[in-house]
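Note that the coordinates shown come from a computational prediction; the quantities given were computed from them, not determined experimentally. Order of listing sets the numbers, starting from 1, for every ligand and every atom in it.
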Amino acid sequence: MLKDDIIRVLKEEGDYVSGAVIAEKFGVSRMTINNAVKELVSDGYSISAIKNRGYKIQHSSNAYNLSELEDYIDNVSNIYYYDSVTSTNDCLKELARKGAEEGTIVFADHQTAGKGRLGRSFYSPQKKGIYVSYLYRPNCTIAELSTLTARVAVAVSKAIESVCDVKVDIKWVNDLLLNEKKLCGILTELSVIGEGMKPEFAIVGIGLNVNNDIEDFDGELRFKACSLKSETKKEYSRIKILAEIVKNLRVLFYNDKQADLEYYKNRCYNIGKKAVFEYNDDVVTGLVEGLDENNGLIVRLGKEQITLSSGVVSIKTPKGYC
Ligand code: BTN
């Protein structure tokens, strides 16, 4: 594609390259190059143009695509990028059913039908967030996968901390919070084989709000959601954060599981707080006392102590429930 070729030439040169030279190299007119550069700028690239010198790419570009990702990580042969998809999870599920290998990734700039847990939708506007899905083909039992989502939350949280120097809280099971508002959600979808229920594949989908302004969120979301930018007043490179997330997801099963769960516990927002949840067909309130070895939430309900293994828990904050 011409745009990719232009980017490659500008990156290789690292200095101004004249439009005429680029045009000749690819056998097109200078006008075609000029138009392609305009499109690249609207794609998020920072390219300066000086008469009689040509074009130069700046380091601070905000471009988001596969060739940018390639600058930060090895082996992108099984990574698919789309400007817009319905849902990266659905897209990857299709590839998984056709036999895609472990480590296959789908990421997009925009989702038209981003999915959240429990049939909710996930708001996924273009140029603002990271919407990525990762395929695992784990050779283990379902029970052994019970902590997968928690470990993904750790992987994403570490990526945010290392690239953005921002510490987030983890709300059990799988939301990342910043200043008590939702920054990131994780949706894990599992496919199992037959009655033995052996995992065939697991897709973990991550939706992270990066450069949204608070006005970008409508209605309820304006109070419940946030982005890295809305809370820190800084813009971040989505591609750098994505690259770090991918690196962490690639080694997730090689990490020390106990160390990851300890990290989770240290960041777990719920511990020591009251939680409201459904229990025996009732809505009850209990005090969260900790997490067990399978990352279940230990809650005190009067004299009783119970452990929740999944579900949705609301936490009362001064601003309402989060
Ligand atoms: C939640 O908050 O309930 C989970 C949100 C998960 C959103 C991500 S965005 C990438 C992937 N594709 C989807 O359709 N959903 C997940």
Legend entry - Modelled atom types, side-chain donor and acceptor of Tyr131 and Ser87, under 3.5 Å: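 No, no side-chain donor-acceptor pair sits under 3.5 Å.
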Side chain, backbone, both or neither: which applies to [X] and ligand 1 if a contact is any heavy-atom pair less than 4.0 Å apart?
X      : value
Asn174 : neither
Ile186 : backbone
Val132 : backbone
Ser133 : side chain

Inset, instruction - Might you confirm whether atom CG of Asp15 has over 12 heavy atoms from other residues, nucleotides or ligands at distances under 6.0 Å? - result: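 Check passes, neighbour count above 12.
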Inset, instruction - May I ask you to check whether over 12 heavy atoms, not counting those of Lys234, lie within 6.0 Å of atom NZ? - result: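 No, because the 6.0 Å sphere around NZ of Lys234 holds 12 heavy atoms or fewer from other groups.
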Inset, instruction - State if Arg120 counts as touching ligand 1 under the rule of any non-hydrogen atom under 4.0 Å. - result: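 No, that is not the case, since the closest heavy atom of the residue is not under 4.0 Å from the ligand.
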Could you identify the single nearest non-hydrogen protein atom to [atom] and state the distance to 0.1 Å?
atom                    : result
atom 5 (C) of ligand 1  : Phe122 CD1, 3.5 Å
atom 6 (C) of ligand 1  : Lys115 O, 3.4 Å
atom 3 (O) of ligand 1  : Arg117 N, 2.7 Å
atom 2 (O) of ligand 1  : Lys182 NZ, 2.4 Å
atom 12 (N) of ligand 1 : Gln111 OE1, 2.9 Å

Inset, instruction - Can you sort out the partners of Arg267 under side chain to side chain donor-acceptor pair (under 3.5 Å), two or more places apart, ordered by chain and number? - result: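 Only Glu161, Tyr263 meet the side chain to side chain donor-acceptor pair (under 3.5 Å) criterion with Arg267.
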Inset, instruction - Examine Thr88 against ligand 1 and note whether any of their N/O atoms are separated by less than 3.5 Å. - result: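 In this structure, Thr88 places an N or O atom under 3.5 Å from an N or O of ligand 1.
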Inset, instruction - Kindly assign one of parallel, tilted or perpendicular to the pair Tyr80 and Tyr82, based on the angle between their ring planes and the thresholds 30° and 60°. - result: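 Aromatic pair Tyr80/Tyr82 classed parallel.
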